[in-house]
Amino acid sequence: MKNFRLFLLLGIGLLIGSQSLSVWAKQKEKENEMTRKEQRIKELVESGRYTIDVNRVLPMSGSAVNLTSTYSLTLHGDSVISHLPYFGRAYTLPYGGGTGLRFESLTSNLSQTVDGKNTVKVDFCTRSEDDSYTFDINVFSNGSVTIHVTPANKQAITYHGDLVVDEI
């Protein structure tokens with residue numbers, strides 16, 4: 001009878017210990033995956049070649065808009081491809097309404113800094129046929145992105161989205 005109780009206690013102890021190890025292993029695996037993702041995000045931003053998928057717009061006037069179509073901003077070295085919607089007040093427009101924030105152009109005054117929280121701040125200016133723009137982009141370590149655009153002839157607008165990380 002004593003042996004049975006001893007084996008029972010030993011079995012319960014092993015069961016609890018193995019579950020604790022399993023939880024610990026899963027936690028370590030998740031931490032390693034996050035570290036790999038953060039490293040990949042850092043590599044993409046440092047390369048200067050990445051795409052941001054935008055899913056939410058915050059115009060200066062009006063309420064936030066959740067986007068259902070695909071919109072993006074792509075940085076490729078010293079060029080930018082903007083396929084972003086615009087909601088807001090335009091002070092001057094070309095005949096026919098213009099193209100909004102849909103253009104492909106070269107960047108100028110490109111700067112990139114990292115703050116203490118591993119947030120990368122990318123600033124640059126660019127120009128389309130319709131307007132000139134100042135972009136302020138914040139890329140967070142989890143891959144989320146905030147883009148603040150200040151056009152010369154329109155109200156400023158903010159976009160939220162995620163960095164496209166193809167391989168993790």
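- Taking the side chain to side chain contact (heavy atoms under 4.5 Å, CB included) definition, one finds that E43 meets it with Q39, R40, sequence neighbours left out.
- The hydrophobic cluster containing I52 also contains L67, counting ILVMFWY residues as joined when their side-chain heavy atoms lie under 4.5 angstrom apart, directly or transitively.
- Under the 4.5 Å side-chain heavy-atom criterion for Ile, Leu, Val, Met, Phe, Trp and Tyr, V114 and V165 are members of the same hydrophobic cluster.
- Linking Ile, Leu, Val, Met, Phe, Trp and Tyr whenever their side-chain heavy atoms come within less than 4.5 Å leaves Y159 and F140 in two separate clusters.
- Here the NZ-OG distance, from K37 to S141, works out to 9.5 Å after rounding to the nearest 0.5 Å.
- Residue F135 is tested with D123, V149, V122 for a side chain to side chain contact (heavy atoms under 4.5 Å, CB included); the sole match is V149.
- Taken to the nearest 0.5 Å, the OG1 atom of T150 stands 8.5 Å off from the CE atom of M60.
- Taking hydrophobic clusters as Ile, Leu, Val, Met, Phe, Trp and Tyr residues chained together by side-chain heavy-atom distances below 4.5 Å, L84 shares a cluster with V65.
- The CZ atom of R49 sits 4.0 Å away from the NE2 atom of H76 when rounded to the nearest 0.5 Å.
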Q) Between L163 and L44, is a side-chain contact (heavy atoms from CB on, under 4.5 Å) present by the stated rule, with each step listed? A) CA-CA 9 Å; L163 194 68; L44 280 172; 4.2 Å; yes
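- The OH atom of Y86 sits 9.0 Å away from atom CG of D131, with the distance rounded to the nearest 0.5 Å.
- Distance alone, capped at 3.5 Å, is enough to place a donor-acceptor pair between the Q112 side chain and the V45 backbone.
- Using a 3.5 Å distance cut-off with no hydrogens or angles, the side chains of H148 and T158 do pair a donor with an acceptor.
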Q. How far apart are the C-alpha atoms of D115 and K121, what are their side-chain angles, what is the distance that settles it, and do they pass the salt bridge (charged side-chain N to carboxylate O under 4.0 Å, His left out) test?
A. CA-CA 8 Å; D115 70 7; K121 185 173 173 69; over 6 Å; no
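- Separating the OG1 atom in T107 from the CG atom in L110 is a distance of 5.0 Å, to the nearest 0.5 Å.
- A donor-acceptor pair shorter than 3.5 Å can be found between the side chains of S105 and T126.
- Using a distance-only test at 3.5 Å, with no hydrogens or angles considered, no donor-acceptor pair links the side chain of Q155 to the main chain of G88.
- For the residue pair T74 / T51, a side-chain donor-acceptor distance below 3.5 Å is found, with atom types taken as modelled.
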Q: Would you check, one step at a time, whether the test side-chain contact (heavy atoms from CB on, under 4.5 Å) holds for F124 with D78?
A: CA-CA 10 Å; F124 63 90; D78 64 348; over 6 Å; no
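- Linking Ile, Leu, Val, Met, Phe, Trp and Tyr whenever their side-chain heavy atoms come within less than 4.5 Å leaves L58 and Y133 in two separate clusters.
- Contact between I157 and P85 at its shortest, heavy atoms only, is CD1-O, 4.3 Å.
- Rounded to the nearest 0.5 angstrom, N55 CG and S72 OG are separated by 12.0 Å.
- In summary, the side chains of S144 and N142 do present a donor paired with an acceptor at a separation below 3.5 Å, with no hydrogens or angles considered.
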